[in-house]
Amino acid sequence: ASGTGLVPGSFHRATIACSRSGEVSRITIHICWKLPGICKLALDLLVAESVIFLGPAGSGKSTIMRDSAAVLSRRFQTVLVDFWCDLAGNTIESMKHLERAYYVAPSKQ
């Protein structure tokens, strides 16, 4: 079976894909960074407009969104829906930057 798991104590995750015969066919490691202040250039747009981040893998989309969520949650009432735990991480310690946000991580069923 294929699946995704979070690396404990971090924002990183690993995905394992298996072939129909059950052999591992691919392992993907998603490395996530927390860079406070990286969203400064986008902050005015984030407050006033709808924004979409487009770019290739590794270009910093999730990093900017993670910092934006932290900054906006300190200024506004914020609800964060995070399907992959990319923005908040998977431990209470890794969520401290979002302590004022209402956080929703849908269960994977």
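This structure is a prediction, so every number in the text was calculated from the model and none was measured.
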Q | Donor-acceptor under 3.5 Å (Lys61 side chain, Pro56 main chain) | A | yes

Q) For Val71 and Cys39, which heavy atoms make the closest approach, and how far apart are they? A) CG2-SG, 3.8 Å

**Q.** Pairing residues for Thr63 by the side-chain contact (heavy atoms from CB on, under 4.5 Å) criterion, not counting sequence neighbours
**A.** Trp33, Leu35, Ile38, Arg66

Q: Measure the spacing between CG of Leu46 and CZ of Arg75 and express it to the nearest 0.5 Å.
A: 10.0 Å

Q: Taking side-chain contact (heavy atoms from CB on, under 4.5 Å) as the test, write out the residues that go with Ile29, two or more places apart.
A: Ala14, Ile27, Ile31

(Q) For the OG atom of Ser68 and the CG atom of Leu80, what is their distance to the nearest 0.5 Å? (A) 11.0 Å

Q. With sequence neighbours left out, what residues match Lys40 under side-chain contact (heavy atoms from CB on, under 4.5 Å)?
A. none

